[in-house]
Number of protein chains: 2
Amino acid sequence: MSGPETVRRHRRDDVTQVALRILDDHGLADLTMRRLAASLDVQPSALYWHFENKQTLIAELADRIVDAHLAPVDAVSEAGSDWRERTRVEAEALRDALLAYRDGAEVVSSTYALGLGSGRALTRLTDAVSVAGFDEATSRRAGTVLLHFILGHVSHEQQRMQYDSVGVLADGATDPLGQEDQAQAFAFGVGLLVDGLAALSVR
Amino acid sequence: MSGPETVRRHRRDDVTQVALRILDDHGLADLTMRRLAASLDVQPSALYWHFENKQTLIAELADRIVDAHLAPVDAVSEAGSDWRERTRVEAEALRDALLAYRDGAEVVSSTYALGLGSGRALTRLTDAVSVAGFDEATSRRAGTVLLHFILGHVSHEQQRMQYDSVGVLADGATDPLGQEDQAQAFAFGVGLLVDGLAALSVR
DNA sequence: ACCTGAACACCGTTCAAGT
DNA sequence: ACCTGAACACCGTTCAAGT
């Protein structure tokens with residue numbers, strides 16, 4: 001009297017969830033196919049029934065990470081037709097999404113580099129910019145610049161976090177950046193790009 | 001009657017040279033300690049006399065790549081006290097440096113992320129920006145934004161290059177970007193940041 | 001539909017010992 | 001000063017076969 005699901009061992013989604021857990025608890029370096037298999041009580045080879053290869057798995061994680069913290073709809077609509085505010089909101093939302101998982105930025109940027117994943121992050125940023133009325137090519141380029149900055153910045157930020165948690169904390173010689181400063185530095189970068197775009201639209 | 005050098009098998013510099021060769025010919029993924037050792041006719045363990053570990057080796061490569069194509073002095077002095085032009089020159093020079101070796105951007109950005117390497121790239125960009133007269137913190141932040149953009153952009157550019165050389169070239173659906181377009185997109189990004197900074201200095 | 005078992009072809013790193 | 005030999009503790013992926 002049990003449904004067919006009773007027989008199933010794992011679905012693709014289970015694998016993804018456990019992978020996300022390992023990622024967040026132990027970092028990308030420790031997310032190996034063998035370790036993931038062990039966490040699922042399964043042989044490593046079993047994973048290849050669910051995913052073509054490791055990169056495809058990671059691309060799936062990247063999409064989940066990005067989609068989990070999309071810019072809240074109300075924040076976007078609150079920004080209204082102010083493209084500058086909306087761009088800032090989207091950038092912050094993406095940063096928050098990446099920060100929500102350990103090594104989130106690296107996961108997303110490696111996926112993006114390989115041309116895998118949904119590319120939703122880029123679309124979001126591009127759309128926000130395009131509200132200003134630039135032609136498509138310009139908006140896309142601006143979106144790309146924003147994305148590169150965001151991925152680079154947050155990667156570095158996350159690197160710093162685990163460096164600090166393990167590391168040479170007593171030294172103090174090089175560590176002028178707290179969490180608030182990081183947020184400020186991020187806003188500075190986004191502001192720079194938004195201002196640059198504004199200068200473009202005036203010219 | 002031969003000097004003591006005759007007895008030596010390899011110096012640290014030999015290892016670096018051969019590593020750069022492998023990097024450029026076969027890419028970062030194929031630059032393994034075992035392969036490098038084989039190219040030097042040596043056991044893998046021998047490399048650990050010259051370098052503490054693989055990342056230290058790669059940091060050395062990163063420094064060589066960045067230093068090889070520093071912005072030509074004449075181009076910098078030609079820009080004179082125009083910080084906008086000088087910043088553009090430095091950005092282009094760094095791009096050229098990264099493009100001079102296969103996977104150059106990835107090598108430099110992974111080194112930068114780990115806090116290894118000389119950090120000369122960042123210094124150069126920061127110095128160029130600071131000519132505008134910003135305070136130190138602002139110049140450094142601006143340099144960081146530029147560096148993130150440059151590393152991200154060129155990484156993507158190089159990824160694309162080898163994707164094209166191996167890849168799905170017949171498709172044509174997604175490949176609107178030639179080399180000139182990449183250079184243009186790069187200049188666009190740098191211009192955006194420079195304009196953003198200019199807006200800052202006016203305010 | 002989902003997994004096992006066994007293998008293939010690799011990795012980076014350590015360390016005692018040699019010359 | 002520079003290298004060998006041997007080992008340790010891993011990787012991702014494939015594939016025939018099982019249930």
Side-chain angles (χ1 to χ4, degrees), chain A residues 2-20 22-23 25-62 103 106-107 110-111 113-114 116-117 162 166, chain B residues 2-20 22-23 25-62 103 106-107 110-111 113-114 116-117 162 166:
Chain A
S2 55
E5 282 75 9
T6 315
V7 196
R8 288 227 180 100
R9 320 254 230 280
H10 290 108
R11 295 175 254 92
R12 183 178 166 111
D13 195 69
D14 300 331
V15 179
T16 308
Q17 294 301 334
V18 173
L20 273 174
I22 294 176
L23 176 69
D25 289 349
H26 306 279
L28 184 56
D30 283 0
L31 177 53
T32 67
M33 297 300 265
R34 297 179 109 98
R35 177 163 192 161
L36 176 55
S39 285
L40 288 159
D41 271 310
V42 128
Q43 297 296 317
S45 51
L47 299 176
Y48 292 83
W49 193 91
H50 299 283
F51 291 93
E52 205 184 327
N53 51 41
K54 190 181 179 179
Q55 260 310 326
T56 308
L57 201 218
I58 289 181
E60 178 91 37
L61 302 187
D103 293 335
E106 236 193 298
V107 166
S110 79
T111 296
L114 293 175
L116 299 175
Q162 75 187 102
V166 183
Chain B
S2 54
E5 282 75 10
T6 315
V7 196
R8 291 228 179 100
R9 320 254 230 282
H10 291 106
R11 294 175 255 91
R12 184 180 166 108
D13 194 70
D14 300 331
V15 179
T16 309
Q17 294 302 334
V18 173
L20 274 173
I22 294 177
L23 176 69
D25 290 347
H26 306 281
L28 185 56
D30 283 0
L31 177 54
T32 67
M33 296 301 264
R34 298 179 108 99
R35 177 163 192 161
L36 175 55
S39 285
L40 289 159
D41 270 311
V42 128
Q43 295 297 315
S45 50
L47 299 176
Y48 291 84
W49 193 90
H50 299 283
F51 291 92
E52 203 185 329
N53 52 39
K54 189 181 179 180
Q55 261 309 327
T56 308
L57 200 218
I58 289 180
E60 178 92 37
L61 302 188
D103 293 334
E106 236 193 297
V107 167
S110 79
T111 296
L114 293 176
L116 300 175
Q162 76 187 103
V166 183

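In what follows, chains are A, B, ... by sequence order, proteins preceding strands, each numbered from 1.
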Could you tell me how far [M] sits from [N] if I compare only their [atom1] atoms? Round to whole Å.
N: D:dC11; M: C:dC8; atom1: C1'; value: 12 Å
N: C:dC3; M: D:dA16; atom1: C1'; value: 13 Å
N: D:dA9; M: C:dC10; atom1: P; value: 23 Å

To check you understand the geometry: which heavy-atom pair defines the closest contact between [X] and [Y], and what is its length?
X: A:Arg34; Y: A:Pro44; value: CG-CG, 4.1 Å
X: A:Leu40; Y: A:Asp14; value: CD2-O, 4.4 Å
X: A:Gln55; Y: A:Ser110; value: NE2-OG, 4.3 Å
X: A:Glu52; Y: A:Thr56; value: CB-OG1, 3.9 Å
X: B:Ala59; Y: B:Gly117; value: CB-N, 4.0 Å

- request: Could you give me the CA-CA distance, side-chain angles and deciding distance for B:Leu61 and B:Leu31, then say whether side chain to side chain contact (heavy atoms under 4.5 Å, CB included) is met?
  value: CA-CA 12 Å; B:Leu61 302 188; B:Leu31 177 54; 3.7 Å; yes
Nucleotide opposite [N] in a Watson-Crick or G-U pair, distances under 3.5 Å:
N: D:dC10; result: none
N: D:dA17; result: none
N: C:dC3; result: none

field: Residues from residues 25-40 of chain A lying under 4.0 Å of DNA chain C - heavy atoms
entry: none
Specify the separation, in whole Å, of atom [atom1] of [X] and atom [atom2] of [N].
X: A:Leu47; N: C:dA1; atom1: CG; atom2: P; answer: 19 Å
X: B:Leu57; N: C:dC11; atom1: CG; atom2: C1'; answer: 15 Å
X: A:Asp14; N: C:dA1; atom1: CG; atom2: C1'; answer: 14 Å
X: A:Gln43; N: D:dC11; atom1: CD; atom2: P; answer: 14 Å
X: A:Asp13; N: C:dC2; atom1: CG; atom2: P; answer: 12 Å

- prompt: Is the phosphate of C:dA1, meaning OP1 or OP2, less than 4.0 Å from a side-chain N or O of A:His50?
  reply: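 False: A:His50 side-chain N/O out of range (4.0 Å or more) of C:dA1 OP1/OP2.
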- request: Examine D:dC3: is either OP1 or OP2 under 4.0 Å from a nitrogen or oxygen in the side chain of B:His10? Give yes or no.
  value: yes
- request: Could you encode protein contacts along nucleotides 14-19 of chain D as a string, one character per nucleotide from 5' to 3', using B for base contact, S for sugar-phosphate-only contact and - for no contact, with a heavy-atom cut-off of under 4.0 Å?
  value: BB----
- prompt: Do B:Leu47 and B:Leu57 come within less than 4.5 Å of each other through their side chains, counting heavy atoms only?
  reply: no
- prompt: Looking at side-chain heavy atoms only, is the closest gap between B:Ile58 and B:Leu116 below 4.5 Å?
  reply: no
- request: Take A:Asp103 and A:Gln162 through the side chain to side chain contact (heavy atoms under 4.5 Å, CB included) test and state the conclusion after the steps.
  value: CA-CA 9 Å; A:Asp103 293 335; A:Gln162 75 187 102; 3.2 Å; yes
